[in-house]
Visitor: 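One structure coming up, written as structure tokens, with questions to follow.
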2 protein chains.
Amino acid sequence: MTARTSTDNARDIPEATVARLPVYLRALVGLAEAGTATCSSEELAAAAGVNSAKLRKDLSHLGSYGTRGVGYDVEYLRYQIAREIGVTQDWPVVIVGIGNLGHALANYSGFRSRGFRVVALLDADPERHDELVAGIDVRPFDDLEEIVEDQGVAIGVIATPAIAAQDVADRMVAAGVTSILNFAPTVLSVPDGVDVRKVDLSIELQILAYHVQRKAGGTVADDFDRLHDEEVTA
Amino acid sequence: MTARTSTDNARDIPEATVARLPVYLRALVGLAEAGTATCSSEELAAAAGVNSAKLRKDLSHLGSYGTRGVGYDVEYLRYQIAREIGVTQDWPVVIVGIGNLGHALANYSGFRSRGFRVVALLDADPERHDELVAGIDVRPFDDLEEIVEDQGVAIGVIATPAIAAQDVADRMVAAGVTSILNFAPTVLSVPDGVDVRKVDLSIELQILAYHVQRKAGGTVADDFDRLHDEEVTA
DNA sequence: CTTTGTGAAACACTTCACAGCA
DNA sequence: TGCTGTGAAGTGTTTCACAAAG
């Protein structure tokens, strides 16, 4: 459909692999900073918290970047993964909703160092406008379209209350945003072709709660009592 | 192994199902608030953002809580899922690392309403001690063991810089915490039997970046130019 | 007639185990 | 010899499609 400019290897990487590439990238950056020039799949897998068979299978989807009997060149593999993900250049990002969480996101230094640049902070509340957060001033939500257009923004972050999130998503999509990271605890509906990833604190906690309950095998009160009788035995 | 107090149906619920139960729970709360007494799998699935076959299969792991030809009683199903997850009572939670993100987490109201109670905010930096955040005062990290013991804390949240996260995790585990929600961008190593869930902003953004790049089929500059020629066609 | 609950089929992902290359 | 890259086997998840139940 679209003419592809880049070399056409590595089509259709499995979603599970895509989700791990950033983890490998971070592990490689760590190894590089520690002065490691070369690493085996075993070493890299350990640094990334996966097993080596999975790592090798994942990397095999990108191409053949290792050397048998030796391992992987850290810098080279790092570049290849960054290129595959698309973080060799910066992506402009807008954050909408500058409450507590929006503040935290705006101040998060991992953005800059990992291929993202916050180009605007937007909030519907006039009380917050012109406030400086992380050196960026908060602008009215209605500036969204202009900013997306001018800066070529493809990625938007929603950190508003749940009630506002769908409206924000609709406006983002209409403006040209094709990928959304949603922190609001609500299901967004978006047209086909738009990607949404959701980060939901209380859902993560509830998943943990389920496992705690299972491990304990009984009620919370039981669990509390039992934990205090003796040490946890693995 | 452990004598079970509750009725022994619904063993070994698949992990993928467990991860969706909180989503169903939230959807049911929404329906209940809207005054809906009964819903079909189709309606609930729509509210939760999944398809109805998946929803029914998921629910079938908990038991048989629907009525053929009718659907599900919203309140009843809500209770059953809450019980299965273990959020019919409150779980005490400690948050370690009260920077920007820790502030946001401490102020997150979704905690209380969804079965969690923040019993302590801890930070290693004495500058932050006794500061009041969300009505809770920040205490020294060294109080961790005492708090975990006294309050029967099983779930800990790590919102520290990456460098400190492994130490915090080790101390938590030693103190008796069995489940950790980690916001620090690092791989934690913990003993078997301890659950870790990771929330990593820049990883989520990188996954989105990969898909944006794929959709665009070329470089960022190409993409920017193309988006401005015509509207996005699904 | 409607809608659930579920075997069976299809698909996706992980792990195994080793051929092949340096 | 040592380690990667990968078919094949194993495991988990989703979807299909329909029998059973109200």
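Chain A is the first sequence line, chain B the second, and so forth, proteins listed ahead of strands; every chain is numbered from 1.
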Visitor: Take atom CD of A:E15 and atom P of C:dT14, then tell me their distance rounded to the nearest Å.
Guide: 11 Å
Visitor: Measure from NZ on A:K54 to P on C:dC13 and round the result to the nearest Å.
Guide: 11 Å
Visitor: Could you work out, with side chain to side chain contact (heavy atoms under 4.5 Å, CB included) as the rule, every residue matching B:V23, not counting sequence neighbours?
Guide: A:K198, A:I203, B:A48
Visitor: For B:S40 and for A:A16, locate the closest nucleotide of DNA chain C by heavy-atom distance; then report the residue assigned to the nucleotide nearer the 5' terminus.
Guide: B:S40
Visitor: Who pairs with B:E43 by side chain to side chain contact (heavy atoms under 4.5 Å, CB included), at least two apart in sequence or on another chain?
Guide: B:C39, B:S40
Visitor: Scan residues 172-185 of chain B for pairs that pass salt bridge (Lys or Arg N to Asp or Glu O under 4.0 Å), counting only residues two or more places apart or in two chains.
Guide: none
Visitor: Taking all heavy atoms of A:N182 and all of A:A165, pick out the closest pair and write down the distance.
Guide: OD1-CB, 4.4 Å
Visitor: Residues two or more places apart in sequence or in another chain: which of them pass side chain to side chain contact (heavy atoms under 4.5 Å, CB included) with A:A162?
Guide: A:P185, A:T186
Visitor: Does C:dG5 have OP1 or OP2 under 4.0 Å away from a side-chain N or O of B:Y72?
Guide: yes
Visitor: Which atom names give the shortest non-hydrogen contact between A:L105 and A:F111, and what distance separates them?
Guide: O-CE1, 2.9 Å
Visitor: Under 4.0 Å from any heavy atom of chain A: name the first and the last nucleotide of DNA chain D that qualifies, 5' to 3'.
Guide: D:dG2 to D:dA8
Visitor: List in chain and number order the residues that pass ring pair (Phe, Tyr, Trp, His ring centres under 6.0 Å) with B:Y76, two or more places apart in sequence or in another chain; answer none if no residue qualifies.
Guide: B:Y65
Visitor: Could you state the NE2-C1' distance from B:H61 to C:dT6, rounded to the nearest angstrom?
Guide: 10 Å
Visitor: Sequence neighbours left out, what passes side-chain hydrogen bond (donor to acceptor under 3.5 Å, both in side chains) with A:R197? Give chain and number order.
Guide: B:E204
Visitor: Identify, residue by residue, the members of residues 27-39 of chain B with a heavy atom below 4.0 Å from DNA chain C, and return them in order of residue number, or none.
Guide: none
Visitor: Looking at B:S41, I'd like to know whether one of its side-chain N or O atoms comes within less than 4.0 Å of OP1 or OP2 on C:dT4.
Guide: yes
Visitor: At under 4.0 Å between heavy atoms, how does the protein contact nucleotides 16-22 of chain C? Give one character per nucleotide, 5' to 3', with B, S or -.
Guide: -B-BBBS
Visitor: Could you name each residue pair satisfying salt bridge (Lys or Arg N to Asp or Glu O under 4.0 Å) that touches residues 54-70 of chain A, not counting sequence neighbours?
Guide: A:R20-A:D58
Visitor: For residues 169-179 of chain A, which residue pairs qualify under salt bridge (Lys or Arg N to Asp or Glu O under 4.0 Å), counting only residues two or more places apart or in two chains?
Guide: A:D142-A:R171, A:E145-A:R171
Visitor: Going by atom type alone, with no hydrogens or angles, which donor-acceptor pairs under 3.5 Å involve a side-chain atom of residues 26-35 of chain A and a protein atom two or more places apart or on another chain?
Guide:
from: A:R26; atom 1: NH1; to: B:D200; atom 2: OD2; distance (Å): 2.3
from: A:R26; atom 1: NH2; to: B:D200; atom 2: OD1; distance (Å): 3.4
from: A:R26; atom 1: NH2; to: B:D200; atom 2: OD2; distance (Å): 3.4
from: A:R26; atom 1: NH2; to: B:S202; atom 2: OG; distance (Å): 2.8

